[in-house]
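Below: the structure, in structure tokens.
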2 protein chains.
Amino acid sequence: MAANIRASIESGGFGIDGRLPSEERLAEEHGVSRGTIRAALALLRANGVVTSRRGTRRVVLGTARTQSFEELLSFTAWARAHGEDPGARTLRVQRRPASAVERERLQLEPDAEIVEVRRLRLLGRTPVMLERTIYPARIGEAIAGLPAESLSHTAVLDAAGPVFADSEHMIDVVAADEIDAEALGCAVGTGLLREMRRTTDPSGVPLLWSEDRFLPGTVSFTVHNSATVTALARRRAHPEV
Amino acid sequence: MAANIRASIESGGFGIDGRLPSEERLAEEHGVSRGTIRAALALLRANGVVTSRRGTRRVVLGTARTQSFEELLSFTAWARAHGEDPGARTLRVQRRPASAVERERLQLEPDAEIVEVRRLRLLGRTPVMLERTIYPARIGEAIAGLPAESLSHTAVLDAAGPVFADSEHMIDVVAADEIDAEALGCAVGTGLLREMRRTTDPSGVPLLWSEDRFLPGTVSFTVHNSATVTALARRRAHPEV
DNA sequence: TAGTGGTCTAGACCACAAC
DNA sequence: TTGTGGTCTAGACCACTAC
């Protein structure tokens, strides 16, 4: 099975900069066809783990630097996966008619309602990010009744039914407004790292739209890309590397 | 051929939110095997153009939002592709021994030399970004002799031989230092959007390491990702969307 | 139950890199 | 020239969705 092959290659001691065996050889060793090996290698290449080039063996670039889809959706899941202690303080939950901009972001009809949630996110006791999320009312209902200290809204939604399939992220810098400044404890005008994203289900219907504003120096994003394919990861920022 | 199939689907009038024909049907229509169709669809899925889910037809998510590898490497290529007028002013070109950090970034031996280039990048007459790039001396030599107004160093390198295969990007916010402030015409401490990247050749050898600092509001990065794969794009920032 | 995409097989030929 | 990954074929069975 392709997934097993993938794992065996990923943890297999080929080392960084090492050359992998040929596809034919891998197929023999694992008792599968070359097509199966190629499916596994395609995933490794997409995640920046190995190179590929006609005429030469594949080379190991490094271990997987990307994160699961779940980790990119959920601050809680991401923090836990990295040994951090995620926290959340709900500042606002509101059900109301969608504005024109919001309707566009969620592809809603003119009279549609949304649920808006504003939460301060922490690592340990340190404020890190202010999150503003809007859901179509139908989706957001599962969220509206949660206690203010509850952590992963993503997990709640996941259990409620919706299937998260694709996300589109936009990353830039924005000056902190008064709301940001008060919640995050920074000065108005401080440059914050902003990530906006729309997440859709398998048929392309938006499930949520979120704008996260991170204090400088708390988080960075990494992306691997090649001529054919790329991948995204979110990381804690380190002093300098 | 898979590439043709891809193009025909991409420009084929299935519309946004439209369902694609089944793989078998597409194979018939184009006179190829299902495997070929799947190869083409895999690329479209990787770039966020279509969804895929077992049991249901594929759905069109939108037109390609990603850019070519070239556009992600070259500010000049990117700006031109978007109808902008790219400019550059070289502030510094220096050949010197690599520091410890620089050796790590380029995976160099202890006594290695580098070429460092610092350039102000413009769109029209407006300063947008300060770029600090280091190359292994062997690579950087092609750059060192160029006139200060020359635009695309990437194009020069490309013509000189090296093959750019993979890039690893890191995106965060950093406070402008005195050099940034003077070059970009902003205050010291202004939050700048920072992109650092290492670009390697097909065998994993680093060809360059670059740190770009963008004025706020000038550029943003977008990434599409799904459970299996993601993609990166750089865009001019628009007032609000 | 019928239709769909996901996985897999066992071949074939080609384009390119390295020797 | 040899070995490699890239592309393609013509099947097969399975897991899942929608009816």
Side-chain angles (χ1 to χ4, degrees), chain A residues 1-9 14 17-46 49-61 69 161-166 200-205 226-229, chain B residues 1-9 14 17-46 49-61 69 161-166 200-205 226-229:
Chain A
M1 335 256 180
N4 299 2
I5 312 295
R6 191 199 166 177
S8 109
I9 290 173
F14 301 111
D17 268 48
R19 290 163 73 218
L20 286 182
S22 72
E23 293 178 355
E24 203 169 8
R25 187 106 173 69
L26 286 170
E28 276 175 28
E29 286 173 6
H30 291 87
V32 298
S33 76
R34 193 182 152 215
T36 304
I37 290 290
R38 281 184 61 78
L41 289 171
L43 259 185
L44 292 177
R45 182 189 56 175
V49 177
V50 301
T51 61
S52 65
R53 188 191 203 189
R54 207 187 316 230
T56 65
R57 290 273 186 81
R58 290 168 187 273
V59 171
V60 177
L61 275 181
F69 191 57
V163 177
F164 302 98
D166 289 83
T200 53
D201 77 4
S203 56
V205 176
S226 66
T228 53
V229 140
Chain B
M1 332 250 184
N4 298 3
I5 312 297
R6 191 198 166 175
S8 108
I9 291 174
F14 300 109
D17 269 49
R19 290 162 76 219
L20 286 181
S22 71
E23 293 177 355
E24 203 169 7
R25 188 105 173 69
L26 285 169
E28 275 174 30
E29 284 174 6
H30 290 87
V32 299
S33 76
R34 192 179 151 218
T36 302
I37 289 290
R38 281 185 61 77
L41 289 171
L43 259 185
L44 292 178
R45 183 188 53 175
V49 177
V50 301
T51 62
S52 65
R53 189 192 201 188
R54 200 187 323 229
T56 64
R57 292 273 186 82
R58 292 168 187 274
V59 172
V60 178
L61 276 180
F69 190 58
V163 177
F164 302 98
D166 290 83
T200 53
D201 76 5
S203 56
V205 176
S226 67
T228 52
V229 140

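Lettering follows sequence order; numbering is per chain, from 1.
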Ranking A:Arg19 and B:Gly35 by the position along DNA chain D of their nearest nucleotide, the one closer to 5' is A:Arg19

Practice prompt. Check every nucleotide of DNA chain C for an atom under 4.0 Å from a heavy-atom of chain B, then give the first and the last such nucleotide from 5' to 3'.
Written response: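 Endpoints of the contacted stretch of DNA chain C: C:dG3 to C:dT7.
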
[atom1] of [X] to [atom2] of [Y]: how many Å apart, nearest 0.5 Å?
X	Y	atom1	atom2	value
A:Leu43	A:Ile9	CG	CD1	10.5 Å
B:Arg6	B:Asn4	CZ	CG	12.0 Å
B:Arg45	B:Arg53	CZ	CZ	14.0 Å
A:Glu28	A:Leu26	CD	CG	9.5 Å

* For A:Glu23 and D:dT2, give me the distance from atom CD to atom C1', rounded to whole Å. =>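 Whole-Å distance recorded here is 16 Å.
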
Quiz item: Can you check the A:Glu24 CD to D:dT4 C1' distance for me, whole Å?
Solution: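 For the pair A:Glu24 CD and D:dT4 C1', the rounded distance is 10 Å.
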
Filtered N/O pairs between nucleotides 15-19 of chain D and protein, under 3.5 Å:
from, atom 1, to, atom 2, distance (Å)
D:dA15, O4', B:Arg54, NH1, 3.0

Between A:Thr36 and B:Arg38, whichever has its closest DNA chain C nucleotide further toward 5' is B:Arg38

I'd like to check the side chain to side chain donor-acceptor pair (under 3.5 Å) partners of [X]; sequence neighbours left out, ordered by chain and number.
X	value
A:Ser203	A:Asp201
A:Glu29	A:Arg25
B:Arg34	B:Glu23

(request) Scan A:Arg58 against the nucleic acid and name what it touches under 4.0 Å (heavy atoms): base, sugar-phosphate only, or nothing. (result) sugar-phosphate

(message) Going by the rule side chain to side chain contact (heavy atoms under 4.5 Å, CB included), which residues pair with A:Thr51 if we only count those two or more places apart in sequence or in a different chain?
(response)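 With sequence neighbours excluded, A:Thr51 shows a side chain to side chain contact (heavy atoms under 4.5 Å, CB included) to A:Val59, A:Leu61, B:Asp166, given in chain and number order.
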
